2 protein chains.
Amino acid sequence: MKNKFRSGCPIASTLDIVGDKWSLLIIRDMLIKHKKTFKEISDSDEKIAPSILSARLKLLESYKLIFKTKVPDNKKENIYLLTEKGIRLTPIIIEFSLWGDSNMREFNEIDIIDGLKADKSMIIGTVQNNYNSMLLQFA
Amino acid sequence: MKNKFRSGCPIASTLDIVGDKWSLLIIRDMLIKHKKTFKEISDSDEKIAPSILSARLKLLESYKLIFKTKVPDNKKENIYLLTEKGIRLTPIIIEFSLWGDSNMREFNEIDIIDGLKADKSMIIGTVQNNYNSMLLQFA
DNA sequence: ATTTTTGCTTTCATTTCGATAGCAAAAATA
DNA sequence: TATTTTTGCTATCGAAATGAAAGCAAAAAT
């Protein structure tokens with residue numbers, strides 16, 4: 001894996017990893033919808049192609065935003081879970097959600113998301129707590 | 001301009017506009033470094049190609065994140081400024097900065113950014129206030 | 001009057017994307 | 001046990017985006 005970082009700027013470096021059209025949607029599905037398998041993530045509204053999903057999962061794993069595991073009773077199915085690093089993307093996801101909700105209605109019909117009017121840090125806390133609770137069954 | 005939105009999800013819709021490797025870096029330069037001309041933005045650490053910068057500025061303008069103006073004593077130079085919609089991206093930019101600062105040091109040497117330890121909403125407020133103050137000279 | 005700067009556009013090679021098909025191993029079903 | 005279905009991918013290939021370099025006209029500076 002060659003060095004793909006354009007500069008030492010933390011914003012640019014973050015964009016170098018998740019600055020594409022798909023990575024943050026994969027994270028969204030994992031973090032908010034608790035999707036865990038290739039199949040589940042494939043079945044999103046936005047129809048990600050398997051070749052892209054495969055490549056993104058590998059990349060996200062290489063930067064330790066996600067990790068791969070299995071459950072004892074299924075030898076085939078991979079379970080993809082967010083690491084701490086990945087879970088810490090929650091504030092970014094929530095800010096994207098809030099910005100789209102407030103600023104894109106002029107150009108696209110935006111879904112109403114329940115609870116988006118609540119206090120920001122509470123939303124972030126809730127999302128992270130819910131994910132961590134779900135994680136316990138794999139610990 | 002064809003409809004390029006993949007779904008009604010606010011996160012996906014935001015990604016459809018600024019979900020590429022360059023748009024948020026252009027916004028960063030405008031918002032934080034107060035860059036205003038094609039030349040100034042071209043001279044970033046990350047060396048954006050003029051063809052890409054040109055295309056991005058047009059796109060950001062079409063979605064009303066930025067607007068173009070001129071100063072009376074220079075007929076050539078375009079001045080690019082952030083709109084309200086654009087300025088409202090501040091929380092996203094700050095979260096990218098914080099996440100990169102905390103999570104990417106393992107993979108890239110990340111610049112130390114002054115004042116990033118301060119209270120999040122204070123940082124956001126300061127960045128936005130500074131930008132708005134600068135804007136006054138064009139009002 | 002000449003040179004330099006600015007804000008682009010054009011060109012074209014390279015890279016990435018993305019739709020579709022395919023496939024082997026495992027799981028489910030008969 | 002045999003067959004079918006599901007899962008988690010990989011391969012292929014045309015289309016789109018990226019990016020390096022050159023070019024260029026209008027304006028500004030000298």
Side-chain angles (χ1 to χ4, degrees), chain A residues 1-7 12 15-26 29-30 33-63 66-81 138, chain B residues 1-7 12 15-26 29-30 33-63 66-81 138:
Chain A
M1 188 203 329
K2 62 171 176 289
N3 183 41
K4 45 174 356 240
F5 291 102
R6 287 171 290 180
S7 73
L15 285 168
D16 285 333
I17 306 307
V18 297
D20 69 278
K21 297 239 179 277
W22 291 109
S23 294
L24 286 177
L25 287 190
I26 296 170
D29 283 353
M30 297 177 69
K33 303 181 186 171
H34 292 193
K35 293 188 178 185
K36 288 176 279 295
T37 63
F38 196 96
K39 180 73 184 328
E40 285 174 341
I41 302 170
S42 292
D43 292 341
S44 68
D45 288 347
E46 295 89 4
K47 308 276 177 237
I48 186 169
S51 51
I52 298 171
L53 178 54
S54 178
R56 289 295 148 210
L57 289 172
K58 280 189 208 332
L59 188 93
L60 294 175
E61 195 182 3
S62 79
Y63 286 104
I66 66 175
F67 67 101
K68 207 174 10 180
T69 188
K70 303 214 183 244
V71 282
D73 61 315
N74 192 321
K75 282 173 191 145
K76 175 77 180 163
E77 207 171 45
N78 286 318
I79 307 287
Y80 295 96
L81 298 169
F138 298 98
Chain B
M1 191 203 328
K2 61 170 176 289
N3 184 41
K4 46 175 355 238
F5 291 101
R6 287 170 291 179
S7 75
L15 285 168
D16 286 334
I17 306 306
V18 297
D20 69 278
K21 294 239 178 277
W22 292 109
S23 293
L24 286 177
L25 287 190
I26 296 170
D29 283 354
M30 296 176 70
K33 303 181 186 172
H34 292 191
K35 292 187 179 186
K36 290 176 278 293
T37 63
F38 196 95
K39 179 73 182 327
E40 285 173 341
I41 302 168
S42 292
D43 292 341
S44 68
D45 288 347
E46 296 88 5
K47 308 275 178 238
I48 186 169
S51 52
I52 299 171
L53 178 55
S54 178
R56 288 295 147 211
L57 288 172
K58 280 189 209 333
L59 188 93
L60 294 175
E61 195 181 1
S62 79
Y63 286 104
I66 67 175
F67 67 100
K68 202 168 27 173
T69 187
K70 303 215 182 241
V71 282
D73 61 315
N74 192 321
K75 281 173 191 147
K76 176 77 179 163
E77 207 172 43
N78 286 317
I79 307 286
Y80 296 95
L81 298 169
F138 298 100

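What's counted below: heavy atoms across the whole structure, side chains too, no hydrogens, waters or symmetry copies. We name chains A, B, ... by the order of the sequence lines, and we start the count at 1 in each one. Please read all numbers here as calculations on a predicted model, not as lab measurements.
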Keeping A:S54 on the side-chain end and A:P50 on the backbone end, is there a donor-acceptor pair under 3.5 Å?
no
Applied to residues 47-60 of chain A, the salt bridge (charged side-chain N to carboxylate O under 4.0 Å, His left out) test, sequence neighbours excluded, yields A:D20-A:R56
Is it true that B:D16 and A:K21 have a side-chain N and a carboxylate O under 4.0 angstrom from each other?
no
Mind calculating the distance between NZ (A:K70) and C1' (C:dA25) to the nearest angstrom?
10 Å
Distance in angstrom units between B:L15 CG and C:dC17 P, rounded
14 Å
Between atom CD1 in B:I41 and atom C1' in C:dT5, what is the gap in whole Å?
17 Å
Expressed as a whole number of angstroms, how long is the span from B:R6:CZ to C:dA19:P?
11 Å
Could you check which of C:dC8, D:dA20, C:dA25 has an atom nearest any side-chain atom of B:S51?
D:dA20
If you check the B:T37 side chain, which of C:dA19, C:dT9, C:dG7 turns out closest?
C:dG7
What is the distance, to the nearest angstrom, from the CD atom on A:E40 to the C1' atom on D:dG8?
13 Å
Can you see which heavy atom on A:L81 is nearest to which on A:T69, and at what distance?
CD1-CG2, 4.0 Å
Could you tell me whether the phosphate oxygens of C:dC8, OP1 or OP2, come under 4.0 Å of any side-chain nitrogen or oxygen in B:N78?
yes
Only residue of A:V71, A:D29, A:I41, A:I79 satisfying side chain to side chain contact (heavy atoms under 4.5 Å, CB included) with A:K36 is A:I79
Tell me whether the OP1 or OP2 atom of D:dG8 has a side-chain N or O from A:K39 closer than 4.0 Å.
no
How many Å lie between CD on B:E77 and C1' on D:dA27, as a whole number?
11 Å
Side-chain H-bond candidate by donor/acceptor type, A:E46 with B:S7, under 3.5 Å
yes
Any heavy-atom pair between the side chains of B:I26 and B:K35 that's under 4.5 Å?
no
Figure out the CG/C1' separation between B:D16 and D:dA16, and round it to whole Å.
15 Å
Counting the atoms with a prime plus P, OP1 and OP2 as sugar-phosphate, which does B:S42 contact under 4.0 Å by heavy atoms, base, sugar-phosphate, or nothing?
nothing
Only pairs with both distances under 3.5 Å count, Watson-Crick or wobble alike; so what is the partner of D:dA29 in this structure?
C:dT2
C:dC17, D:dG8, D:dC9: which one has an atom nearest the side-chain heavy atoms of A:K68?
D:dC9
Nucleotide D:dA16, atom P - distance to CD1 of B:I52 in whole Å
18 Å
Could you tell me the Watson-Crick or G-U partner of C:dG22, where both distances fall under 3.5 Å? Say none if there is no partner.
D:dC9
Proximal nucleotide (of D:dG8, D:dA20, C:dC8) relative to the A:F38 side chain:
D:dG8
Side-chain N or O of B:K58 closer than 4.0 Å to phosphate OP1/OP2 of C:dT9
yes
Any chance you could lay out the side chain to side chain contact (heavy atoms under 4.5 Å, CB included) test for A:N78 and A:T37, step after step, and finish with the verdict?
CA-CA 6 Å; A:N78 286 318; A:T37 63; over 6 Å; no
Near-strand residues of residues 17-26 of chain A, defined as heavy-atom separation under 4.0 angstrom from DNA chain C
A:W22
Using OP1 and OP2 only, check whether a side-chain N or O of B:S54 sits under 4.0 Å from C:dT9.
yes
